[in-house]
Visitor: 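Quick one: structure below, then a few questions.
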Amino acid sequence: MQYQYNEIEKNWQKYWAENKTFAAEDNSVKPKFYVLDMFPYPSGAGLHVGHPLGYIASDVYARYKRLCGFNVLHPMGYDSFGLPAEQYAIQTGQHPAITTKTNIEGGTDKDGNVIPGYRKQLDKIGFSFDWDREVRTSDPNYYKWTQWIFKQLFNSWYNKDADKAEKIETLIEQFKTEGNSKVNAVADDVAVFSAADWNSWSEEEQQKMLLNYRIAYLSDTWVNWCPALGTVLANDEIKDGVSERGGHPVEQKLMRQWSMRITAYAERLLSGLDGLDWTDSIKDIQRNWIGKSVGASVEFKVQSSKFKVEELETSNPKPETIEVFTTRPDTIFGVSFMVLAPEHELVAKITTDAQKEKIAAYQKAASLKSERDRMSDVKTISGEFTGAYAIHPFTGDKVPVWIGDYVLASYGTGAVMAVPCGDQRDWDFAKHFNIEIKNIFKDKDISEAAYAEKDAVIANSDFLNDLPVKKASKLAIYEIEKRGFGKGKTQYKLRDAVFSRQRYWGEPFPVYYKGDVPYLVNSDEVIKLPEVEKYLPTEDGRPPLGNAKNWHWDENNNKIVSVPVGQEPPLGVWGLELNTMPGWAGSSWYFLRYMDPKNDNEFVAKEKVDYWKNVDLYIGGAEHVTGHLLYSRFWTKFLYDLGYIPFEEPFQKMINQGMIQGNSALVYNFKKWTGLVDDDKRPCFPLENFPDVYISKNVLDLFNRKEKDLTRISKEKIDEAFNYNEEVRKYRIKIINQLREIEKRYTKKYKEDIEISKEFLVQCSYDENFITSKKIDINYLDGDNLDIERVSKDSRFSFLKEGIFILEDGSLFEFNSSLSGRSGGAFIVGREVDKMSKSKYNVVTPTSTYELDKDGNKIQTSEGLVEKYGADTLRCYEMFLGPLEQHKPWDTQGITGVNGFLKKLWRLFHTGENESFYVDTTPPSGEKEGAELKSLHKTIKKVKEDIERFSFNTPVSTFMICVNELTALKCNKKAILQDLLIILSPYAPHIAEELWAKLGNTESITYAVFPKHNEEYLVESNHKYPVSFNGKMRFMLELPANMSKDDVEAAVMANEQTVKYLAGQTPKKVIVVPKKIVNFVV
RNA sequence: GCUCGAGUGGUGGAAUUGGUAGACACGCAAGACUUAAAAUCUUGUGUCCAUUAGGACGUAUGGGUUCAAGUCCCAUCUCGAGUACCA
């Protein structure tokens, strides 16, 4: 009987679904284990082979844990709000809820394309998800609780004294009784007010004050505005100055937006990392992003033309002060100038009349530079002197104040005290503008560069002399604080997170406005996303929700009401918030909802979250480190502070799966130039009309190879292709001649085609030394051989029809040529490892099927791997590819080996007549069974060890070795094979279930018991000693394993081979490591 | 620039604590079965020298520690990720 994986897999998937095999119990005597996957966004493109990699690994682990007796929570759901569905809605008018549903459940899109559906694709791979717990962030039953959490954030403030978030009521109470002078909160800068002030304020004034303290707050902030997307973006949604999605430019804009006071949690987010089982690189990225620096803030008084030094203390108005932040207060005596950011507000006030013009010009120039220009141009040193001087707080020296764009307005105070001897940028600046460089480091040479190491001893610094950096810093801060011009300070790079999006397809805020004061809706009901006619912003530039008809809040009746456009709302009716929440709102807490997905009364029941606690194993990509993974930590800590959950960190152990890279196909062509120029020497003939010349990869390699390089590739290979080495040069000439021929042909043609009224220099040419390439869909390949005829029929690649191809045998092929048809020479593409993406035409999907093309030919749209080999093979193969964390290119060639292994396994159970099912049920005994038991128990041991250290690839090899050995032993003992099935079942669950049932078991293998290995079976009676001489292994010698060190030495010495290799010499030393090695030092 | 990670056959990779480098698989080659193909099976396969026996070299490069180094230490190169005038 053959291994019919398609049928077997379908049957067992059905069985699991019907029997709810993987349902997790909320109350269990078993220990709990929570395995979580990255939350997927259900895109229309569906799964490609990269997506399931992490899911397979987590599934293997979840199934393994079940076998070990754990109550496993292994859920799946969808992060189903998001931009692509909305963009699609804008284009087609189709509601994003519909496309999202189709993408998850399957169907057809508006153009009639078949969407396989995420769920169906996942099901085909045999994951052990508890689907009863599925959540979708766009489901009102889910986002009801996202809104609820938002309300908690709105109604909370961060108490620094308690170092945690507290209900806003405790703050209001304090305001009422003693004002804000004693409040120690993470908040915006606010003036001190008294209880009397507070109590005298109007409701509106009080609410506005509270916004300065709320964790979810509304404020005018500089935001990253992306005009192309029509929305603001968070810092982590921007890569290299452009939007991560779509690559659109981003500009800074001042907007009234919701923000989250994540900065309140900076320290806890940082210190919390220490207790997590995450890789150091991931922790480093988060640490970097939080960017803690410890130092001091110091005030420098400004002496400008308006003030004289001696008047500083007495002058009226008070002199301006420049506040700086420094991480090196120990170097304060090295300050020889100050630099302000060009945008700094003090610049206008302190600039002397003489310098006004120059400063204005510099400010203008700096403002014109885009952030990108500033980023890329790090080498140019520029700045301008303001004419003003600051007074060094310790020495009283005059210190010139400059502006320069190496100082950023957005970081710290936008000003630095420049210490050129200790900071390379300050040093460069000082050198460039000839400013004094004071050396305050003992015995350090600073004539060539600044000394930035922190191991120096301070000198020329008054009371700091002879102190090492650390001590000097402490003392400097102490003195600064004592003398009252600054204080010790810790600063973070982390910014508060912008929480508004000018988008439709996201969670609405449960907020309405009275004037510009926000209020939470007083209702426990979900505020559902309203219907709109258009998903674009309104004509007056308001977000898409501005198009909604039903979008006002009736305060008296606590419900949403409709106010016709242009009409004043009646009394007590107010407009609702038009922004929606960002993508990370729903994904910041989804792992909690899985514990209690259907609860209508709470976001999660206390007893359930107390049982399941946080995620024990999270497998996901590293691309969300500064977004999702930081925000969910923030929300988790917040919910912990308010006492809703019993833990502070969401993901205890995390593994970051590597990307499965695509193998893009490249066609190479020669760069073409047209030399056709008019009188002004401008090219005036369109380049496109002149055909591209494509060249087959191997031909190109030979063609490109200079004569001296020929020695690098094996002689045979060249000979094979061109008979003789010396032919290669001739061949190169032949190709060049072909190019010249084509040039001539088209040059001539152009001359005929256009009316030549002026004297033109006409020349079309190919640059044989300049090769460019284009990406081609890998589905038109057979191996590396491109089907030129078929690919050119694809509208995306129809430009190939105009091309001329140099084939593998050196002959030419043209579609339009009178010589129709191909010489039979192949056209080989080049390969490049790339991120797998639709735009690179290199996507391989795990589940798709064969389709028929227009002519009825069977074509493989993408490799239908599950159809072709089965889910078990795919699962094992994706694991077999290599370590989970590593990036690797996808290559299906090796999949046959894994498939062969499962077939071999099947055969072990089908040794009866005509390959019918047969196993020997007698208990194992005797010598042959000893070998079988040894093979099995060795496998049990290694597989267990490997899975527990998350090495998912090595168990597959181990299974293969075991099956190979049992096949060689002709093993058909039920007792052996049954245990093998259990340990294999996490990897290949379908075949395991099938054979398990055939062995007579009536229960699913899912809850079998993972066997314990028995060391007794593994004991070797003999050990094969490698015998080395000076570390070089010469021969093997088999000796009893329990032989003593001395006996081993004696036995080896007596061996005739030893005598031979010693060649009469006496060894200086003999090292014997029992059951390991023997080494002679001669 | 800085921080982190990685470099092992033609390919993916294995070697967990310093102890036989290249397990397992792909690919390739030869053979068996077959009218033929597919499938399957057998054998070989790091490189170089040698008919064989055997030998030399070999884990990015150069050095070091050690009886013994892919593994530890120092320096260099290359690639990848993050970050970017962060004071």
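Residue numbers start from 1 in every chain, and the chains themselves are labelled A, B, ... in the order their sequence lines are given, proteins ahead of strands.
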Visitor: Using purine N1 to pyrimidine N3 plus N6-O4 or O6-N4 for Watson-Crick, or N1-O2 and O6-N3 for G-U wobble, each under 3.5 Å, what pairs with B/rG62?
Guide: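 Across any shown strand, B/rG62 pairs with B/rC74.
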Visitor: What integer number of Å spans the P atoms of B/rU71 and B/rU59?
Guide: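 The answer is 9 Å between these two P atoms.
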Visitor: OP1 or OP2 of B/rC57 versus the side-chain N and O atoms of A/Lys1032: is any pair under 4.0 Å?
Guide: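 For B/rC57, OP1 or OP2 has a side-chain N or O of A/Lys1032 closer than 4.0 Å.
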Visitor: CD1 of A/Ile282 versus C1' of B/rU83: gap in Å, rounded?
Guide: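 Roughly 14 Å, once rounded to whole Å.
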Visitor: Using whole Å, report how far CG of A/Asp405 lies from P of B/rC86.
Guide: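 Nearest whole value for this atom pair: 13 Å.
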Visitor: What nucleotide among B/rU20, B/rG19, B/rU16 has an atom nearest to a side-chain atom of A/Met1033?
Guide: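 Out of B/rU20, B/rG19, B/rU16, the nucleotide with an atom closest to A/Met1033's side chain is B/rU20.
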Visitor: Scan A/Val1081 against the nucleic acid and name what it touches under 4.0 Å (heavy atoms): base, sugar-phosphate only, or nothing.
Guide: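 Sugar-phosphate, no base atom in range.
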Visitor: Specify the closest pair of heavy atoms between A/Ile983 and A/Phe959, including all atoms of both residues, with the distance to one decimal.
Guide: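 What the structure gives for the nearest pair is O-CZ, 3.3 Å.
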Visitor: To the nearest angstrom, how far is A/His910 atom NE2 from B/rU40 atom C1'?
Guide: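 One finds 17 Å between C1' of B/rU40 and NE2 of A/His910, rounded.
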Visitor: Between B/rC26 and B/rU45, how far apart are the C1' atoms? Round to whole Å, please.
Guide: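 The answer is 13 Å between these two C1' atoms.
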Visitor: With a 4.0 Å cutoff (strictly under), does any side-chain N or O of A/Asn288 reach OP1 or OP2 of B/rA84?
Guide: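 The answer is no; no side-chain N or O of A/Asn288 sits under 4.0 Å from OP1 or OP2.
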Visitor: Does a side-chain N or O from A/Lys903 land closer than 4.0 Å to OP1 or OP2 of B/rU40, or not?
Guide: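 The answer is yes; a side-chain N or O of A/Lys903 sits under 4.0 Å from OP1 or OP2.
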Visitor: Mind checking whether A/Tyr61 and A/Phe952 have parallel, tilted or perpendicular rings, split at 30° and 60°?
Guide: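 Ring orientation of A/Tyr61 relative to A/Phe952: perpendicular.
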Visitor: Report the residue (A/Phe325 or A/Gln2) whose heavy-atom-nearest nucleotide on RNA chain B is the more 5′ of the two.
Guide: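 Looking at RNA chain B, the more 5' nearest nucleotide goes with A/Gln2.
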Visitor: Heavy atoms under 4.0 Å, any strand shown: does A/Phe880 hit a base, just sugar-phosphate, or nothing?
Guide: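 If one applies the 4.0 Å heavy-atom cut-off, A/Phe880 turns out to touch a base.
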Visitor: Anything under 30° is parallel, anything over 60° is perpendicular, the rest tilted; go ahead and classify A/Phe880 against A/Tyr877.
Guide: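 Ring orientation, 0 to 90° scale: tilted.
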Visitor: Could you measure between the two C1' atoms, the one in B/rG70 and the one in B/rA15, and give it in whole Å?
Guide: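 One C1' to the other, the span is 9 Å.
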Visitor: Starting from P on B/rG12, measure out to CG on A/Leu884 and report it in whole angstrom.
Guide: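 Rounded to the whole Å, the gap is 18 Å.
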Visitor: Expressed as a whole number of angstroms, how long is the span from A/Leu881:CG to B/rC24:C1'?
Guide: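 A/Leu881 atom CG is separated from B/rC24 atom C1' by 13 Å.
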Visitor: Pick one for B/rG18: is it syn, with its angle within 90° of 0, or anti?
Guide: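 Judged by the O4'-C1' to base torsion, B/rG18 sits in anti, the angle falling more than 90° away from 0.
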Visitor: Is it the case that A/Tyr362 and A/Ser382 place a side-chain donor and acceptor less than 3.5 Å from each other?
Guide: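 Yes, a side-chain donor-acceptor pair sits under 3.5 Å.
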Visitor: Counting only side-chain heavy atoms from C-beta out, which of B/rU16, B/rC85, B/rC24 sits nearest to A/Tyr406?
Guide: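 So the nucleotide nearest the side chain must be B/rC85.
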Visitor: Looking only at the side chain of A/Thr954 (C-beta and beyond, no hydrogens), which of the listed nucleotides B/rU20, B/rA25, B/rA15 gets closest?
Guide: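 Closest nucleotide to the A/Thr954 side chain: B/rA15.
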Visitor: Parallel, tilted or perpendicular: which fits the ring planes of A/Tyr406 and A/Phe429, with parallel below 30° and perpendicular above 60°?
Guide: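 Ring orientation, 0 to 90° scale: tilted.
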Visitor: Expressed as a whole number of Å, how far does the P atom of B/rA68 sit from that of B/rU20?
Guide: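 To the nearest whole Å, 15 Å.
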Visitor: Verify the contact: side-chain N or O of A/Asn953 to OP1 or OP2 of B/rA14, cut-off strictly under 4.0 Å; return yes or no.
Guide: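 Yes, within the criterion.
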Visitor: Taking OP1 and OP2 of B/rG13, is either one under 4.0 Å from a side-chain nitrogen or oxygen of A/Tyr877?
Guide: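 For A/Tyr877, the contact criterion (side-chain N or O under 4.0 Å from OP1 or OP2 of B/rG13) is not met.
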Visitor: Rounded to the nearest Å, what distance is computed from the CG atom of residue A/Leu630 to the P atom of nucleotide B/rU83?
Guide: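 Computing the A/Leu630:CG to B/rU83:P distance gives 12 Å.
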Visitor: Suppose you measure atom C1' in B/rG9 against the same atom in B/rG58; what distance do you get, rounded to whole Å?
Guide: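 Going atom to atom, C1' in each nucleotide, I get 10 Å.
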Visitor: Could you work out which one of B/rU83, B/rC41, B/rU16 sits closest to the side chain of A/Trp289?
Guide: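 The listed nucleotide nearest to A/Trp289's side chain is B/rU83.
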Visitor: Could you check A/His887 against A/Thr958 and say which one's nearest nucleotide on RNA chain B is further toward the 5' end?
Guide: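 Nearest-nucleotide comparison on RNA chain B picks A/His887.
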Visitor: So, does A/Arg1034 get its side chain near the phosphate of B/rA56, meaning an N or O under 4.0 Å from OP1 or OP2?
Guide: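 Yes, A/Arg1034 has a side-chain N/O under 4.0 Å of OP1/OP2 on B/rA56.
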Visitor: Could you check whether A/Tyr1061 gets within reach of a base, just the sugar-phosphate, or nothing at all, counting any heavy atom under 4.0 Å?
Guide: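 The residue A/Tyr1061 makes sugar-phosphate contact but no base contact.
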Visitor: Taking only side-chain N and O atoms of A/Arg907, does any of them lie within less than 4.0 angstrom of OP1 or OP2 on B/rU40?
Guide: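 The answer is no; no side-chain N or O of A/Arg907 sits under 4.0 Å from OP1 or OP2.
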Visitor: Using Watson-Crick or G-U wobble geometry with both distances under 3.5 Å, which nucleotide pairs with B/rC4?
Guide: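 Base partner found: B/rG80.
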Visitor: Taking any heavy-atom pair under 4.0 Å as a contact, classify A/Asp284: base, sugar-phosphate, or nothing.
Guide: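 Sugar-phosphate only.
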Visitor: Write down the distance separating the P atoms in B/rG10 and B/rU47, rounded off to the nearest Å.
Guide: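 So the two P atoms sit 7 Å from each other.
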Visitor: Side-chain N or O of A/Gln886 versus OP1/OP2 of B/rG13: is the shortest distance under 4.0 Å?
Guide: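 Affirmative; the distance criterion is met.
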Visitor: Within the structure shown, what part of the strands sits under 4.0 Å from A/Thr279 by heavy-atom distance: base, sugar-phosphate, or nothing?
Guide: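 Answer is nothing: A/Thr279 stays at 4.0 Å or more from every strand.
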Visitor: Measuring only the P atom in each nucleotide, how far is B/rA69 from B/rG19? A whole number of Å is fine.
Guide: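 Approximately 11 Å lies between the P atom of B/rA69 and that of B/rG19.
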Visitor: Find the partner of B/rU16: check Watson-Crick (N1-N3 plus N6-O4 or O6-N4) and G-U wobble (N1-O2, O6-N3) distances, both under 3.5 Å, and reply none if neither fits.
Guide: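 Its partner is none (no Watson-Crick or G-U wobble pair with both distances under 3.5 Å).
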Visitor: Please evaluate residues A/Tyr1061 and A/Asn1030 with respect to the criterion side-chain hydrogen bond (donor to acceptor under 3.5 Å, both in side chains), reporting the C-alpha separation (whole Å), side-chain torsions for both, the decisive distance (0.1 Å), and the verdict.
Guide: CA-CA 11 Å; A/Tyr1061 281 106; A/Asn1030 289 334; over 6 Å; no
Visitor: Measure the distance from CD1 on A/Ile895 to P on B/rU11 and round it to the nearest whole Å.
Guide: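 Atom CD1 in A/Ile895 sits about 21 Å away from atom P in B/rU11.
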Visitor: For B/rC67 versus B/rC74, give the span between their C1' atoms, rounded off to a whole number of Å.
Guide: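 Going atom to atom, C1' in each nucleotide, I get 23 Å.
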Visitor: Please state how far atom CG in A/Leu902 lies from atom P in B/rA25, giving the value in whole angstrom units.
Guide: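 In whole Å, B/rA25 P lies 13 Å from A/Leu902 CG.
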Visitor: Mind telling me whether A/His1023 and A/Tyr1025 have parallel, tilted or perpendicular rings, with 30° and 60° as the class edges?
Guide: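 Aromatic pair A/Tyr1025/A/His1023 classed perpendicular.
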Visitor: Would you kindly check if the NZ (Lys) or CZ (Arg) of A/Arg633 is within the cone defined by 45 degrees around the ring axis of A/Trp278 and under 6.0 Å from the six-membered ring centre?
Guide: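 Yes.
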Visitor: What is the base-pairing partner of B/rG44, counting Watson-Crick and G-U wobble geometry with both distances under 3.5 Å?
Guide: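 Because both required distances fall under 3.5 Å, B/rG44 counts as paired with B/rC28.
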Visitor: Over all strands shown, is A/Arg949 touching base, sugar-phosphate only, or nothing at heavy-atom distances under 4.0 angstrom?
Guide: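 Base, at least one base atom sits under 4.0 Å.
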Visitor: Across the strands shown, which category fits A/Asn1030 at heavy-atom distances under 4.0 angstrom: base, sugar-phosphate, nothing?
Guide: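 Counting heavy atoms under 4.0 Å across all strands, no contact is made by A/Asn1030.
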Visitor: Tell which nucleotide pairs with B/rG9, taking only Watson-Crick or G-U wobble pairs whose two distances are both under 3.5 angstrom.
Guide: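 Partner of B/rG9: none.
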Visitor: Looking only at heavy atoms, which two atoms of A/Phe1029 and A/Val1027 are closest? And how far apart?
Guide: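 A/Phe1029 and A/Val1027 have their closest heavy atoms at CE1-CG1, 3.9 Å.
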Visitor: Quick one: which of B/rG19, B/rC86, B/rA87 gets closest to the side chain of A/Thr327?
Guide: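 So the side chain of A/Thr327 is nearest to B/rA87.
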